[in-house]
Amino acid sequence: MAEYELLGLFQDVDSAGDAVEALRQVGVSDRSLRVLSAFPLSSKILGRKHYNHKLGLAAGAGALLGFAAAIFFAVITPQLYPIVVGGRPLLNGPPMLILVFELTMLGTLLGGFLGFLWQGGFPSAGGLYDKRIAEGYLGVAVQVDEALLEKVQAAYSAHKPVDLKKAEVKPRPDRRLLIGTIAIVALLAVNFALLAVSFDILHLEFLPDQMKAQISFASQMGPRLGAPAGAVPVPGVALVGGRPATAPLAMTEDSLQRGAILFDIHCAVCHTVDEDEPVTQVASFFPDDGEPPAMTSARVMARTPEQIFTFITDGIGKMPSLAENLYPANRWDVVNDVRSLTPAE
Amino acid sequence: MSIETERNPWMSAPPESEDEQEQVEHLRKDHLLLDPVGMEAMNQDALGSMTRHGRWTWMLIVVLGGLAMMAGVGWLVQLFVGLGFTGLNRTIFWGMYIINLVYFIGIGHAGTFISAAFRVMGFETRRPIARAAETVTLFALAAAGLFPIIHLGRPWKVYWMIPIPNQRQLWPNFQSALEWDAMAIMTYVVGSVLFIYIGLLPDLAMARERTGVNWRRRLYSALSLGWRGTDRQWALHESVSTIFAYVIIPVMFSVHTIVSWDFAMTIQPGWHSTIFGPFFIVGALYSGVAAVLVAMGFLRRFLKLGYFIREEHFDVMAKFLLIMSFAWIYFYFGEFLVTWYGNLPPEMTILDLLLYGEAAPLWWLMIFCNVVVPVGLLWMRRVRRNPGILFVIAVFIQVGMYLERYLIVGVMLGRPELPFNYSWYYPGLEIPIAIGAFSFVIFFYFIFTVFVPIISTWEVGEGQFLHGLRKIGRKITKFKSDMH
Amino acid sequence: MSEQDASGKRRWTMIVDLDKCSGCGACVVACHAENNVPIAAEDQVVADRSQHWMRIERYWEGEYPDVKARFVPVLCQHCGEAPCEPVCPVYATYHDERGGLNAMIYARCVGTRYCANNCPYRVRFFNYFDPVFAEPLNNQLNPDVTVRSAGVMEKCTFCVQRIRRAEHTAKVEGRTLADGEVLPACVQACPTGALMFGDRYDAASAVAKLLEHNGRAVRLLETLGTDPSIYYLKGGTSHVD
Amino acid sequence: MSRPTRVWITVIGLVVLLVFIGPFIFGVLASVPNYEQPIVEFSHKRHVQNAGIDCLYCHSGATRSPVSGIPSVEKCMGCHEHVLSGEAPIVKLQEYWENGEPISWTRVYQLPRYVHYPHHVHVSAGLNCETCHGNVGEMDIVTPAQIPNMGWCIRCHQGEENAVELMDCLNCHY
């Protein structure tokens with residue numbers, strides 16, 4: 001059955017009120033009846049029932065949400081992100097109160113506004129309207145089905161409206177759900193955009209962060225300057241006149257432990273401990289006569305600690321210098337380790 | 001102002017005797033709410049004001065827009081080069097950017113006060129000027145919101161002040177007054193924008209109906225959200241306005257209190273004061289009401305809104321201004337009395353500096369603008385009812401209040417505890433940017449008046465209707481429908 | 001003065017003997033070199049933007065010809081109750097509890113400059129421009145210290161890079177930090193030995209021992225309740241005449 | 001909707017897309033890294049898996065200094081004087097050696113310079129190279145195993161016993 005919307009224009013409050021009354025008597029329910037005006041008129045003047053809206057509820061809910069958000073920001077997140085702030089309390093009463101106050105108020109305002117939009121059905125495509133309403137005329141609008149149409153029209157004309165408009169109501173889908181969904185999606189999108197910025201996913205700088213790259217030179221950063229012409233190279237302090245500049249370390253347990261570890265890293269690449277062991281991958285590149293000797297071989301056992309130290313520092317034969325790898329003290333650790341090795345039975 | 005009228009039926013009956021006629025005529029001339037001309041005429045007048053910008057106004061708009069753009073360029077330069085072109089130094093780290101922030105937030109207080117507090121208190125005089133005042137708030141807040149960002153050394157990192165979860169697991173410091181500031185200003189801006197928008201809805205709908213089919217109509221249709229003015233919509237509208245009015249007043253007070261805490265929470269001599277909260281609120285209302293007076297003068301003079309904005313409104317606002325000036329003087333005197341009595345060397349240095357030192361010219365000029373001019377003139381009824389003179393007085397107060405903030409931020413900061421660090425502030429790039437900010441506010445105010453009815457006709461109509469009811473009492477309340 | 005702290009916290013402390021200070025400025029130069037402090041050009045100094053993490057404040061006493069100069073080296077006081085710390089909205093400056101340092105994280109700074117306003121000593125500096133180190137000066141920059149860009153605050157760190165380096169070495173070698181192992185650049189450079197540095201919580205340290213029986217020790221603007229870490233030994237017996 | 005309106009909406013939509021999404025696309029494209037090395041044939045996998053060389057043999061700074069260090073050309077030549085010395089990539093290496101030039105290896109792990117990360121402290125605390133750098137021994141061309149951003153550092157430090165000490169900003173930023 002088709003629904004119709006009617007809008008009657010009246011010149012004053014009196015006749016509008018009468019029309020409302022007449023329409024109600026015809027059987028139009030209060031719900032489908034609207035009085036349109038250019039400024040607020042109390043429902044009493046129009047002879048209408050008081051409209052019980054739930055704006056207070058919406059504002060209250062907003063206030064609660066704002067309060068909860070404030071508590072979340074002020075109380076819970078500092079626990080989630082325990083920043084080291086040098087003994088100052090992460091929770092502090094008075095500042096927290098300020099935050100709670102502001103966000104509660106913000107929640108109330110937003111809640112009130114959203115409640116207003118929701119309950120007023122905004123944004124709506126409207127319905128019948130007449131520009132004369134904005135000029136001071138009053139409109140009485142009803143929505144009735146076909147059965148009641150005749151009677152309603154009669155009731156209208158009995159009060160001599162300035163104008164009477166009629167339109168068929170086409171069923172429209174409820175757009176609130178759509179709008180709500182769009183709003184939520186938009187909010188999420190904004191949220192994710194913020195997250196993206198804060199997570200440095202894109203490394204997007206609006207202006208170059210000059211502190212990220214510095215004008216100072218860090219270790220091993222080019223361009224490296226060569227030594228000035230005529231500079232005398234310093235041979236280093238490891239050897240003086242071909243002899244170690246530092247004294248051997250005592251064969252303590254610490255030293256031996258360190259030595260064993262360092263041997264594994266720096267020496268075991270080529271050298272084996274026992275002669276029976278298979279040669280390492282690197283050593284296999286050497287011709288048979290040039291193979292690195294095993295540590296327990298007679299050749300190595302015959303060396304003095306100072307000689308071994310010098311070999312590590314300077315290299316010997318095909319063995320490169322390991323000065324870059326080991327500090328002098330560490331070299332002595334390795335020497336200690338090598339000296340402590342005994343041939344396998 | 002002559003407007004063709006078609007008297008609505010609820011207007012009072014024609015006066016019976018000649019005496020009454022004279023009395024009624026007198027009242028009518030004086031009071032907007034007793035001088036109804038009908039909604040149509042009012043709508044026409046209010047909407048017509050959008051097209052009443054003359055050639056000079058448009059030229060002014062262009063100039064103002066240009067100045068605002070210039071400030072934008074200045075800020076871009078600052079963004080890429082650093083804050084070096086400002087007059088800040090190693091003693092005075094806050095300058096005109098913060099002064100502007102405080103000043104514009106102060107201006108932004110009057111609009112809310114007039115529309116929300118006057119609404120709550122039932123002052124009928126608010127009706128025609130509320131929107132004009134709220135618009136001042138809106139754009140002053142927009143300018144004020146820019147300045148903390150302009151002020152920053154690395155503004156592109158400003159989002160670090162917002163509590164959003166991040167991989168660094170860092171959180172803003174809610175113990176910092178600046179963080180409170182950010183929260184309070186955000187709340188206030190959101191509240192003010194929504195408040196002004198709610199009030200605008202019916203007028204946007206009215207504008208929608210009264211414009212031909214063009215882009216304007218499309219704009220108004222979208223903005224008015226399909227407002228029809230049904231009784232239910234009006235009931236919701238009333239309620240939401242009341243909620244906003246009651247909530248936004250404490251927010252307004254909190255905002256400037258918190259701004260004052262930016263200073264009061266430090267240990268800088270001259271700033272470390274407990275009365276800064278109420279003192280700043282009073283100062284804010286003082287300069288804000290003066291700014292609204294400037295706007296009202298402009299609307300009346302250039303947009304020819306003399307029907308809506310009458311001498312009675314100027315009178316009320318001027319009285320309010322006078323009260324605020326007394327309150328301001330009280331706080332200012334109180335603060336310095338305490339300083340003088342306490343006699344602490346760092347504080348006395350500042351007092352001496354203001355009274356007879358380097359800053360004395362500025363200080364005495366401020367006293368002249370803020371005390372001598374308003375207190376000396378505003379007690380006269382003739383002055384209070386003269387928009388021209390009021391305009392001048394209001395400009396004086398703007399200068400005075402700007403100077404007051406300048407002295408607090410730019411001058412007092414130059415006198416820290418150790419005399420080795422004494423310094424003086426010579427603003428540089430801040431001046432064009434401040435000029436740009438003023439232009440920005442005025443520019444957008446102008447533009448706003450082009451697009452939106454600056455007078456809330458539905459509020460005036462409602463007021464006139466209610467007055468009509470009150471005046472003829474019994475005669476009109478006897479609706480037939482009321483009997484049931 | 002020797003408060004022993006059980007939790008292994010330190011309180012790095014500097015002692016400035018005003019009697020020994022001749023105002024030569026070696027500390028200032030050393031600080032500039034160590035900490036990559038930009039050098040404010042002439043026009044910047046005229047605009048009151050001199051930038052020295054450590055500066056020698058000079059006060060005159062008496063009337064000509066009987067004039068005496070007093071030198072007070074002023075650097076960040078590393079306050080225990082620092083006014084600059086709670087006002088930072090992003091925790092770019094906060095208290096380092098382990099060393100009692102007043103920390104400044106350049107990378108976190110957004111440049112509100114609130115901390116600097118709230119510093120009664122005015123020892124925080126703002127980079128109004130990007131620092132300029134013309135070739136070949138950039139070769140002498142300390143790689144261990146960030147060169148601060150325009151828009152961030154900076155201040156004396158008690159040469160925290162040296163503290164960290166010593167701590168790291170000690171940790172790798174599996175021992176605790178010894179007294180005197182850390183020397184800030186200014187202390188190292190002071191020719192008259194007017195500056196001393198150490199951990200006050202360590203009762204055996206030279207600093208703690210000196211403060212224990214010294215009636216000359218005062219702190220700058222102590223009435224403000226900032227609890228500074230820098231002690232000045234009052235001068236009075238010798239002046240530059 | 002009329003045709004011109006639709007055209008306008010499309011144009012405006014495209015502009016909005018360009019303004020808001022363009023920078024992000026640009027940012028993504030600009031942040032795609034290139035890890036090509038000057039000696040392309042250099043393979044960590046061959047050195048670690050085939051030759052059995054420990055990480056610390058070449059990057060020996062990791063145990064004793066804040067930086068792990070890139071081996072010098074001298075260290076490369078120490079072995080390659082004899083090992084595979086005729087191969088094409090080694091000839092390239094020998095050119096560097098003879099010219100006395102360092103090899104400008106492309107940096108794979110780049111922390112911002114305001115972060116100070118000490119390798120020796122982490123190694124002496126018992127961390128393996130693989131914990132942060134991934135299984136380099138399996139890679140021919142090394143690519144970052146993770147983005148070394150602050151959140152990644154923090155997540156590790158959080159779980160430690162002395163987390164309060166380790167989470168201090170002044171540990172790394174100065």
Side-chain angles (χ1 to χ4, degrees), chain B residues 78-95 98 148 151-161 168 170-182 262-263 265-269 271-272 346 409 413-414 416-426 428, chain C residues 40 43-52 55-59 72 74 81 83-94 105-131 148-153 220-221 223-226:
Chain B
Q78 178 182 304
L79 208 58
F80 282 98
V81 177
L83 281 147
F85 294 129
T86 60
L88 303 169
N89 53 42
R90 69 164 188 82
T91 303
I92 301 168
F93 287 94
W94 283 6
I98 296 292
H151 162 85
L152 285 186
R154 303 203 293 169
W156 54 95
K157 301 282 189 202
V158 71
Y159 65 91
W160 285 350
M161 285 177 70
R168 296 181 193 86
L170 288 174
W171 206 239
N173 179 7
F174 284 120
Q175 292 162 54
S176 166
L178 290 181
E179 202 61 48
W180 312 340
D181 238 10
D262 284 352
F263 307 108
M265 292 292 173
T266 68
I267 54 171
Q268 164 69 28
W271 284 11
H272 189 57
V409 180
L413 204 48
E417 309 263 351
L418 297 175
F420 187 83
N421 303 319
Y422 284 0
S423 186
W424 186 257
Y425 176 50
Y426 301 101
Chain C
D43 57 325
Q44 292 297 297
V45 176
V46 170
D48 231 345
R49 289 192 194 148
S50 57
Q51 199 154 350
H52 312 292
R55 62 163 178 266
I56 310 232
E57 294 195 357
R58 185 183 54 194
Y59 292 102
V72 186
V74 176
E81 292 291 334
C84 54
E85 284 161 8
V87 298
C88 180
V90 291
Y91 283 125
T93 183
Y94 73 98
I105 310 302
Y106 313 120
R108 178 71 174 161
C109 179
V110 296
T112 65
R113 310 194 284 293
Y114 201 0
C115 53
N117 272 347
N118 209 11
C119 175
Y121 311 98
R122 286 297 193 276
V123 286
R124 291 180 150 267
F125 301 91
F126 184 70
N127 284 284
Y128 287 101
F129 290 113
D130 269 321
R148 285 76 55 184
S149 71
V152 298
M153 298 300 307
L220 207 54
L221 299 179
T223 46
L224 293 177
T226 51

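Computed over heavy atoms, backbone and side chain alike; hydrogens, waters and symmetry mates excluded. Values in this document were obtained by computation on a predicted structure and should not be read as measured data. Naming convention: chains lettered A, B, ... in sequence-line order (proteins, then strands); numbering from 1 in each chain.
- The backbone N or O of B/Gln268 sits nowhere less than 3.5 Å from a side-chain atom of C/Asn117 that would complete a donor-acceptor pair.
- Between B/Leu170 and C/Tyr91 the shortest side-chain heavy-atom distance does not fall below 4.5 Å.
- Taking the six-membered ring where tryptophan is involved, the planes of C/Phe129 and B/Phe85 are perpendicular, since the angle between them exceeds 60° and thus also 30°.
- In this structure, chain B has a heavy atom under 4.5 Å from the backbone of C/Arg58, while its side chain stays farther away.
- For B/Trp171, the part lying under 4.5 angstrom from a heavy atom of chain C is the backbone only.
- Residue B/Ile98: no heavy atom, backbone or side chain, is found under 4.5 Å from chain C.
- For C/Pro120, the parts lying near chain B are the backbone and the side chain together; criterion is any non-hydrogen pair under 4.5 Å.
- Looking at C/Asn118, its side chain does come within 3.5 Å of a backbone N or O of B/Ile267 through a donor-acceptor pair.
- With B/Asn173 contributing its side chain and C/Cys88 its backbone, the two residues share a donor-acceptor pair below 3.5 Å.
- The contact between C/Tyr59 and chain B is made entirely by side chain atoms (from C-beta outward), counting heavy-atom distances below 4.5 Å.
- Note: B/Phe263 and C/Tyr114 fail the aromatic proximity criterion, with ring centroids not under 6.0 Å apart.
- Looking at C/Ala116, both its backbone and its side chain come within 4.5 Å of chain B, counting heavy atoms on both sides.
- The side-chain heavy atoms of C/Pro89 and B/Trp160, taken from C-beta on, include no pair separated by under 4.5 Å.
- Between C/Thr112 and B/Arg154 there is no side-chain heavy-atom pair separated by less than 4.5 Å.
- A distance of 12.5 Å separates OG of B/Ser176 from CD of C/Glu85, quoted to the nearest 0.5 Å.
- Under the 3.5 Å distance criterion, the side-chain polar atoms of C/Arg122 are left unmatched by any main-chain donor or acceptor of B/Leu418.
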task: Would you please test B/Met265 and C/Val87 for side-chain contact (heavy atoms from CB on, under 4.5 Å) and show each step?
output: CA-CA 9 Å; B/Met265 292 292 173; C/Val87 298; 5.7 Å; no
message: side-chain contact (heavy atoms from CB on, under 4.5 Å), that's the test. Do B/Leu88 and C/Arg113 meet it? Break it down for me.
response: CA-CA 11 Å; B/Leu88 303 169; C/Arg113 310 194 284 293; 3.3 Å; yes
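- The shortest distance between side-chain heavy atoms of B/Glu417 and C/Leu224 falls below 4.5 Å.
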